Amino acid sequence: MRLFDTYTRGLVELPSPPGPIRMYFCGPTVYQRIHIGNARPFVLSMWLKRWLEQNGYEVRLAENITDINDKIYTAAPGHSAELATQASRWYVEDTDLLGLGRPDHEPKATETVPEIVDLIGKLIDRGLAYPAGGDVYFRVAAFPDYGRLSGRLGDDEALRNPSEEPERAELKEDPRDFALWKAHKEGEDTVWESPWGPGRPGWHIECSAMAEKFLGQVFEIHGGGNDLIFPHHENELAQSRGAGSEFARMWMHNGMLQLTGEKMAKSLGNIVSLREAVQEWGRETILLYFMSAHWRKPIDFSDEVLAQASAQAETFRNHFVGLEAEPEEIDRQALARVLDDDFNTPEALALFHDWRARGRTASLRWGLELFGLGELAEAAAAPADLVALAEKRREARASRDFDEADRLRVEIEDQGWEVRDVADGFELVPK
RNA sequence: GGCGCCGUGGCCGAGAGGUUAGGCAGAGGCCUGCAAAGCCUCGUACAGCGGUUCGAAUCCGCUCGGCGCCUCCA
C-alpha cells in the first residue's frame with residue numbers, strides 16, 4: 001500500500017503486513033462541539049485503521065485531545081478545566097455517532113504534563129531550547145532542518161514565527177522561536193509546576209510527548225488537517241527530532257472542508273457541528289459524503305452535495321431490500337486496487353456501485369461494513385400491523401379493487417412505510 | 001509578497017499520453033392496474049493560449065480563476 005507523504009511530496013510505500021503501523025492523528029482542541037471539518041481526519045484515520053487491520057496489519061492509533069490551550073481559557077474564564085472536560089466528552093460522544101469505533105489511545109494534554117516537562121528538559125540539555133522569563137522556547141537556529149516539512153526552508157521571511165503574544169517577543173532569541181512552556185499568567189485557572197516555574201505547555205509540545213508516550217520514538221504515519229502543516233507539525237517535528245527521536249516516517253494531511261467557498265473554521269464562525277450534520281442527514285450520508293472526495297482534496301459542504309450523498313445511501317439501501325444472502329466470494333482484490341493506491345475512497349465508492357449493479361452482494365456488504373456503512377445492507381423489518389395492512393392490500397389487488405389498494409397504500413405511507421409490489425408479493429420499506 | 005494545492009460534462013468526482021470512470025440530477029423506454037424500486041438508452045467533458053508528441057484532459061511554459069498556510073484552527 002502506498003500513501004502520499006507531505007514530507008517527500010510523493011507516494012510512499014508502507015511496510016508489509018503485519019507492520020506494525022503506528023499512527024498519530026491530531027485531534028481537536030476542545031472548547032465547544034466539534035464541527036464536521038474536524039471529523040474528516042477522525043474519519044480518515046478510523047477508515048485507514050480498519051482497512052489496514054483488514055489486511056492483516058497490526059495497527060496502533062493514537063489521537064490526541066488538546067485540552068490545554070489559550071482558546072479554552074478565553075472561552076471559559078475561571079472554569080476552563082470544566083469546559084475542557086465537558087467538551088472532551090462531547091467530542092467522544094459526537095464522533096461515536098459515526099459508528100467507526102475509537103482510536104486505541106486518546107490521550108489528553110492534561111494527562112501528559114510530566115512527559116512534556118521531561119521532553120522540554122531534554123531539549124534544554126541538548127541546547128535546543130532555553131528558558132526565558134519563566135517561559136521556555138525552542139531554539140530554531142539550532143535545528144537546521146526547520147522548515148523542511150512545510151517547504152519553507154531557507155526562506156527568511158516565511159520562517160518568521162512571531163509570538164502569539166507580542167509581549168513575549170522580547171524574550172526570544174529569534175522571532176522564529178516558539179514556546180514550549182508558558183509561564184502562568186493572570187486569569188489562567190489551570191497551572192502546573194515545572195523546573196522553570198509554574199505554567200503550562202505550549203501548543204505543539206503535547207503532541208510530541210504524547211506520540212512518544214503511546215507510539216514510541218518512531219512511528220509510521222502522522223496525520224491531521226493540512227492547516228496544521230505549519231507551524232504545528234513543523235514544530236512537532238523539530239521538537240521530537242531535536243530530542244533524538246526519528247518521529248513520523250510519513251505525513252498525511254487531509255484537505256479542508258469548504259463552506260460557501262471558505263474553509264470551515266471556528267475562527268471564521270462558518271461552522272456546522274458534526275452533531276447537527278449527523279442529526280440532519282444521518283450517519284450514512286455523512287460517511288458517503290466523506291467517501292466521495294479524495295482525502296487530500298478540499299471538499300465543499302453544501303445541501304446539494306449532501307443530497308447527492310443521501311441519494312446514494314438510498315440506492316444502496318434499495319439494493320438490499322428483500323434480498324436473500326447468496327454465497328459468493330468477496331472480491332478483496334478489487335477494493336485493494338483502489339484503496340492501496342493512496343486510499344482512493346471515491347474509486348472505492350464507484351466500485352461499490354459496480355458491485356451493486358452486478359449483484360455482487362456479499363462483496364458490497366463487506367465493503368460497506370468496512371466503511372461503517374453496514375446498516376445500509378440491513379433491511380428493516382416492518383411491524384406486524386403494517387404487514388397485515390400490506391397483506392390486505394395484496395388481496396384487494398388480487399380482486400382488482402384498486403381503489404381499496406390505493407387507500408391502503410396511503411394508510412401505510414402515513415405510518416412511514418412504503419409498499420412496493422414485486423413479482424411474488426410486496427416489500428415494505430421505511431420511508 | 002513567500003510556500004503549497006487545485007481548475008474535468010447541469011452538479012459531485014476519479015483517472016492520467018492513445019481504450020466507457022462512477023454517482024446525483026434530467027430526457028426517453030421496459031416493467032406495473034397505477035406507483036415505487038430496478039433495468040435499458042441518451043451527454044463525446046477535461047479553464048485559456050502556446051509548446052513537446054504520430055497522438056495531450058493527462059507532459060512543459062505562460063495567462064486567468066479558486067483555495068489553503070505564512071496568526072488560533074482538522
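These figures come from a predicted structure and were not determined experimentally.
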### Query
Between A:Ile36 and A:Phe290, what is the shortest heavy-atom contact and its length?
O-CZ, 3.5 Å
### Query
Is B:C64 paired to anything, Watson-Crick or G-U wobble with both distances less than 3.5 Å, and if yes, which nucleotide?
B:G7
### Task
Could you state the atom-to-atom distance from CD1 of A:Ile65 to P of B:A74 in whole Å?
13 Å
### Message
Under 4.0 Å, heavy atoms only, any strand: does A:Arg317 hit a base, just the sugar-phosphate, or nothing?
### Response
nothing
### Task
Could you check how far NE2 of A:His232 sits from P of B:U71, rounded to whole Å?
15 Å
### Query
Using purine N1 to pyrimidine N3 plus N6-O4 or O6-N4 for Watson-Crick, or N1-O2 and O6-N3 for G-U wobble, each under 3.5 Å, what pairs with B:G18?
B:C54
### 5′-ward residue of the pair A:Gly255/A:Leu349 relative to RNA chain B
A:Leu349
### Message
At 4.0 Å (heavy atoms only), tell me whether A:Gly27 reaches a base, stays on the sugar-phosphate, or touches nothing.
### Response
sugar-phosphate
Measure all distances between protein nitrogen or oxygen atoms and nitrogen or oxygen atoms of nucleotides 12-14 of chain B, and list the pairs falling under 3.5 Å.
residue, atom, partner, partner atom, Å
B:C12, O4', A:Gln308, OE1, 3.4
B:G13, O3', A:Ser292, O, 3.4
B:A14, OP1, A:His294, N, 2.7
B:A14, O3', A:Asn344, ND2, 2.9
B:A14, O2', A:Glu347, OE2, 2.3

### Message
At less than 4.0 Å, is any side-chain N or O atom of A:Thr315 found next to OP1 or OP2 of B:C24? Yes or no.
### Response
yes
### Message
Looking at A:Phe42, is its backbone amide N or carbonyl O close enough to the side chain of A:Ser45 to form a donor-acceptor pair, meaning the two atoms are under 3.5 Å apart?
### Response
yes
### Summary
note: A:Gln32, atom CD; B:C72, atom C1'; distance rounded to Å ~ 12 Å
### Query
Does the base of B:A35 carry an N or O that pairs as donor and acceptor with the side chain of A:Arg409 under 3.5 Å?
yes
### Query
When the P atoms of B:A35 and B:G29 are considered, how many whole Å apart are they?
12 Å
### Message
For the residue pair A:Arg393 and A:Phe426, would you count it as a cation-pi contact if the rule is NZ or CZ under 6.0 angstrom from the ring centre and within 45 degrees of the ring axis?
### Response
no
### Message
Would you measure the distance from the P atom in B:U63 across to the matching atom in B:G1 and give it in whole Å?
### Response
12 Å
### Query
Can A:Ser240 and A:Glu212 be counted as having a side-chain donor-acceptor contact under 3.5 angstrom?
no
### Task
Sticking with atom C1', work out how far B:G61 lies from B:U19, rounded to a whole angstrom.
29 Å
### Touch class at under 4.0 angstrom, heavy-atom based, for A:Thr74 against every strand present
nothing
### Task
Look at the rings of A:Phe352 and A:Phe316 and say which category their plane angle falls in: under 30° parallel, 30 to 60° tilted, over 60° perpendicular.
perpendicular
### Query
With a 4.5 Å heavy-atom cut-off, do A:Arg332 and A:Gln54 have their side chains touching?
yes
### Query
Base, sugar-phosphate alone, or nothing: which one does A:Gly224 contact when heavy atoms must sit under 4.0 Å apart?
sugar-phosphate
### Message
How many whole angstroms separate atom CD of A:Gln312 from atom P of B:G38?
### Response
13 Å
### Task
Measure the distance from CG on A:Asp401 to P on B:C34 and round it to the nearest whole Å.
16 Å
### Atom-pair distance (CD on A:Glu427; P on B:A37), nearest Å
12 Å
### Message
Please pick, from B:C24, B:C67, B:G33, the nucleotide with the shortest atom-to-atom distance to any side-chain atom of A:Ala405.
### Response
B:G33
### Task
Rounded to whole angstrom, note down the P distance from B:G18 over to B:C60.
16 Å
### Query
Taking the same atom, P, in B:A36 and in B:A25, what whole-Å distance lies between them?
13 Å
### Task
Measure from CD1 on A:Ile271 to C1' on B:A74 and round the result to the nearest Å.
12 Å
### Query
With sugar-phosphate meaning primed atoms plus P, OP1 and OP2, does A:Asn318 contact a base, only sugar-phosphate, or nothing at under 4.0 Å between heavy atoms?
sugar-phosphate
### Query
A:Arg296 near the nucleic acid: base, sugar-phosphate alone, or nothing, with a heavy-atom cut-off under 4.0 Å?
nothing
### Task
Give A:Asn226 one of three labels, base, sugar-phosphate or nothing, depending on what nucleic acid heavy atoms sit under 4.0 Å from its own.
sugar-phosphate
### Message
Side chain of A:Ala350, heavy atoms from C-beta onward: which of B:G22, B:A74, B:C34 has the nearest atom to it?
### Response
B:G22
### Query
When you compare B:C12 with B:G26, how far apart are their C1' atoms, in angstrom units rounded to a whole number?
15 Å
### Task
Counting heavy atoms from C-beta on, name the nucleotide in B:A74, B:C72, B:C34 closest to the side chain of A:His35.
B:A74
### Task
In whole angstrom, give me the gap between the C1' atoms of B:G23 and B:G9.
14 Å
### Query
Taking only N and O in the side chain of A:Arg337, is any of them less than 4.0 Å away from OP1 or OP2 of B:G15?
no
### Message
Base, sugar-phosphate or nothing for A:Arg394? Non-hydrogen atoms, less than 4.0 Å.
### Response
nothing
### Task
Specify the residue among A:Asp406 and A:His319 whose closest nucleotide of RNA chain B lies further upstream toward the 5′ end.
A:Asp406
### Query
In this structure, which one of A:Val113, A:Val191, A:Asp70 forms a side-chain contact (heavy atoms from CB on, under 4.5 Å) with A:Arg200?
A:Asp70
### Message
In whole Å, I'd like the distance from the NZ atom of A:Lys431 to the P atom of B:A37.
### Response
11 Å
### Task
Take A:Glu173 and A:Tyr137, measure what side chain to side chain contact (heavy atoms under 4.5 Å, CB included) needs, and give me the verdict at the end.
CA-CA 9 Å; A:Glu173 292 176 358; A:Tyr137 292 97; over 6 Å; no
### Task
Side chain of A:Arg393 only, please: which of B:A74, B:G22, B:C34 is the nearest?
B:C34
### Message
Measuring only the C1' atom in each nucleotide, how far is B:U58 from B:G17? A whole number of Å is fine.
### Response
6 Å
### Query
In the structure shown, which nucleotide is the Watson-Crick or G-U wobble counterpart of B:U41, with both distances under 3.5 Å?
B:A27
### Message
If you take the centroid of each ring, where Trp contributes its six-membered ring, are A:Phe219 and A:Phe247 closer together than 6.0 Å?
### Response
yes
#### Entry: Identified pairing partner of B:G1, criterion: Watson-Crick or G-U wobble below 3.5 Å
B:C70
### Query
Can the ring centroids of A:Phe301 and A:Tyr289 be said to lie less than 6.0 angstrom from one another?
yes
### Task
Report which part of the nucleic acid A:Val429 touches: base, sugar-phosphate, or nothing (heavy-atom distance under 4.0 Å, all strands).
nothing
### Task
Would you please indicate yes or no on a ring centroid separation below 6.0 angstrom for A:His294 and A:Phe343?
no
